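Here the structure is laid out as structure tokens; the discussion comes afterwards.
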There are 2 protein chains.
Amino acid sequence: MTKQVLKSRASARPLPLNQILAGDCIEVMNSLPANSVDLIFADPPYNLQLKGELHRPDNSRVDAVDDAWDQFAGFAAYDEFTRAWMAAARRVLKHDGAIWVIGSYHNIYRVGAELQNQGFWILNDVVWRKSNPMPNFRGKRLTNAHETMIWASKAESSKYTFNYEALKSLNEGVQMRSDWVLPICTGGERLKDKDGAKAHPTQKPEALLHRLLVGSTNPGDVVLDPFFGTGTTGAVAKMLGRDFIGIEREAAYRAVAEKRIARVRKLDSEAIATIRPKRAEPRVPFGQVVERGMLRPGEELFSMDNRHKAKVRADGSLVGNDVKGSIHQVGAALEGAPSCNGWTYWHFRREGRMVPIDTLRQQIRAEMAAEDGRPN
Amino acid sequence: MTKQVLKSRASARPLPLNQILAGDCIEVMNSLPANSVDLIFADPPYNLQLKGELHRPDNSRVDAVDDAWDQFAGFAAYDEFTRAWMAAARRVLKHDGAIWVIGSYHNIYRVGAELQNQGFWILNDVVWRKSNPMPNFRGKRLTNAHETMIWASKAESSKYTFNYEALKSLNEGVQMRSDWVLPICTGGERLKDKDGAKAHPTQKPEALLHRLLVGSTNPGDVVLDPFFGTGTTGAVAKMLGRDFIGIEREAAYRAVAEKRIARVRKLDSEAIATIRPKRAEPRVPFGQVVERGMLRPGEELFSMDNRHKAKVRADGSLVGNDVKGSIHQVGAALEGAPSCNGWTYWHFRREGRMVPIDTLRQQIRAEMAAEDGRPN
DNA sequence: CGCAAGTGTGAATCCTGGG
DNA sequence: GCCCAGGATTCACACTTGC
């Protein structure tokens, strides 16, 4: 049993969580409360030159195009479509929320420019580098071996979610880059109709959504996908303990997605949990180290290279070489640096060895965690 | 002596070939005859919009791109700038010509949309994946590890130049993809002032231009670079036997570029010529050795017993004693053998010693392992 | 001389909470 | 909103210095 309609926001209307909503995504999004979802993943139609696939927001069909003038009409119609769905998405998104949009060179430049025009703030563009792309059969161009994803917060001032440590961990301890090498969706993951044909022409690999959701959402966040298709976003969101809202116009895709997501089992919370960043640790004033007697007033601290020293004072400040202030301020002043992390800069002597004072902070934090009964 | 003013077109005005023209690129381009250049490479300002200073974790300051030429009032101003230079470039370009524009997420979406708006026809977007990008020091986003290049013909109907076989040969028999892994410009290639400071903040690597010009121009073609900077385009064009026209506003950049290009020696026509190789066993592409500058086109390779030699060409093929082909094919032909492992057969001279080219392959493999050995 | 260790640096939209 | 201060944060190379 998944919760279906639970979360309510400032708006009185509840969110239809973990459901696939039928209909045109613009209309459906406009029926949702404003400022209510944490992340949007959008995989809009790429088509500019494909005949008969492009519709205006009012569902009227755009005529096929092939000459230069009609090309312009094609772009104008696509831009209008983009503007409309993106504005609707923007309204639903929380101020601190973010959006991902995936596309190819056919549409991504229109999309990226419109994101900026609407006030979204691009955080990165990410290249999905396909390890097994389709070759260019006619040999007239380069193998089109990648797609582009744009990651943008709702505004420059948004406090977007970014799980830096989790992605670094996914990347064997090295900071995650903006180029992601992943195979396209094939084999058992690729959904098929009864007759064996692929259920959706552009099904995205779950690995892509996995990395994306781990990196830019937290467990319990609400992820909206206005072009849901066969539900890769929903499947991965469910697995990772995120809530999703899918919107899909085609009944056939909705049916496939429903079945698919029903089969997905949510990972247990231990598996979902990721490394907690240090920023999330409670702040410990250096004065507490002194108060608790872990360091005594008058004791001397040393920089790692032993070139600088300072004396601890009763109020938790330091004094060294005529400089007084916090552990950070004195360290910065002595080094002539713009800033300094005093916790890692200063060391005390114990049994002839130099120990960073950060070990004392970690001790205090461990005690605080034990008191709260909270896992560290 | 290079030819200076030779080619004339339908227009009576001659083209100022292999020169660096001073001034605003829009005015200068408008002074050139219409429909006269074969390729444009444009590296316009990215409009980075940097705010404060940034320091590395070791407190050293990042030398940011804060030059006046990258300052724009906003997107509207940047769009107007883009529209203007692109229209001027379009006028100068032959109907069957093409354009490359490089940028980052800050500007590339504006650029790509305007390309389409002006009627250019995007052929590919190419991702330059940097093997050694600057990290994201604060851990707030993904490492910005790539830049984007858009390749577009003047119109959908253009018969653009694409040397499929040459690029395939550079990639040792495998179709060239839309993602190119190349290091940023450092070391001896990076131009410095007298005081050791970098001469230009955003100098592009020659390997990038090498691949681009081999793939999308022919010898004798005219390449226009309206944002010439310190002249990477001109240097590579000259080496590869293409003519260039550079436009640069800053006198200091022009001076550096002049000196740089004067030092470049044009490869002989045999080295420049590209071939249609028969299918070679794909392994590590020998072309990468050339692209990365580990061996220069024109350099001679020798058999271990010194009885045979061959010359390296720009597309990674060899020519020796009227035999042309891959390192393996030429070795086999010269030995009268049914087959030959070119990697162990061929040697180059360094400091009087003969070194097998296989050491270079091992070097590349080590780098590739470092890049791809971990999940990206 | 070689190897190890240390230093410098690259198109970057790079912090956050409390008062 | 602003100001202030705590304190968190890096990868791949090339080059230099030291033993």
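Proteins come first, then strands; the chains are lettered A, B, ... in the order of their sequence lines, and each starts at number 1. Quick caveat: nothing in here was measured; it's all calculated off a predicted structure. The analysis underlying the following values was restricted to heavy atoms, covering all of them including side chains, and did not include hydrogens, waters or symmetry mates.
Put simply, NZ on Lys130(B) is 15 Å from C1' on dC13(D), counting in whole angstrom units. Rounded to a whole Å, the CD atom of Glu189(B) is 15 Å from the P atom of dC13(D). Look at CD on Glu165(A): it is 19 Å from P on dC14(C), rounded to the nearest Å. For the pair Trp346(A) CH2 and dG6(D) P, the interatomic distance rounds to 14 Å; values are reported in whole Å. In this structure, Arg190(B) atom CZ and dG10(C) atom P are separated by 6 Å, rounded to whole Å. Atom P of nucleotide dT9(C) and atom CZ of Arg56(B) are separated by 7 Å, given to the nearest angstrom. Whole-Å rounding puts the Lys278(A) NZ to dG17(C) C1' distance at 19 Å. Whole-Å rounding puts the Ile122(A) CD1 to dT13(C) P distance at 11 Å.
Base orientation of dT13(C): syn (glycosidic angle within 90° of 0).
Aromatic rings from Phe227(B) and Trp69(B) are positioned such that their centres are separated by 6.0 Å or more. Taking the six-membered ring for Trp and the full ring otherwise, the centers of Trp121(A) and Tyr160(A) sit at least 6.0 Å from each other. The aromatic ring centres of Phe81(B) and Phe72(B) sit less than 6.0 Å apart.
The shortest distance between the side-chain N/O atoms of Arg138(B) and the OP1/OP2 oxygens of dC15(C) is below 4.0 Å. Distances shown here put a side-chain N or O of Asn144(B) below 4.0 Å from the OP1 or OP2 atom of dT13(C). Considering only side-chain N and O atoms, Tyr105(B) lies nowhere under 4.0 angstrom from the phosphate OP1 or OP2 of dA12(C). OP1 or OP2 of dG7(D) lies within a sub-4.0 Å distance of a side-chain N or O belonging to His328(A). The side chain of Asn136(B) contributes no N or O atom lying less than 4.0 Å from OP1 or OP2 of dC14(C). Contact annotation: Ser326(A) reaches the phosphate of dG6(D) (side-chain N/O to OP1 or OP2, under 4.0 Å). Within the 4.0 Å cut-off from OP1 or OP2 of dT16(C), at least one side-chain nitrogen or oxygen of Lys140(B) is found.
Between the side chain of Lys204(B) and the base of dA11(C), at least one donor-acceptor pair of N or O atoms lies under 3.5 Å. Contact of Ser104(B) with dA12(C) (side chain to base): no donor-acceptor pair of N or O atoms is detected under 3.5 Å.
A 3.5 Å limit on both hydrogen-bonding distances identifies no Watson-Crick or G-U partner for dT9(D). Under the Watson-Crick or G-U wobble criterion, with both distances below 3.5 Å, dT13(C) is left unpaired in every strand shown.
Residue Cys340(A) is classed as a base contact, given a heavy-atom separation below 4.0 Å to a base.
For the pair Arg129(B) and Trp180(B), the cation-pi test (distance below 6.0 Å, angle within 45°) is failed.
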Practice problem: Walk me through it: do Asn136(B) and Tyr164(A) pass the test side-chain hydrogen bond (donor to acceptor under 3.5 Å, both in side chains)? | Solution: CA-CA 10 Å; Asn136(B) 186 290; Tyr164(A) 175 76; over 6 Å; no
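A stacking contact between Phe137(B) and dC14(C) is absent: the pair does not combine a ring-centre distance of less than 5.5 Å to the base's six-membered ring with planes differing by less than 30°.
Salt bridge annotation for Asp96(A)-Lys94(A): absent, with no cationic side-chain nitrogen under 4.0 angstrom from a carboxylate oxygen.
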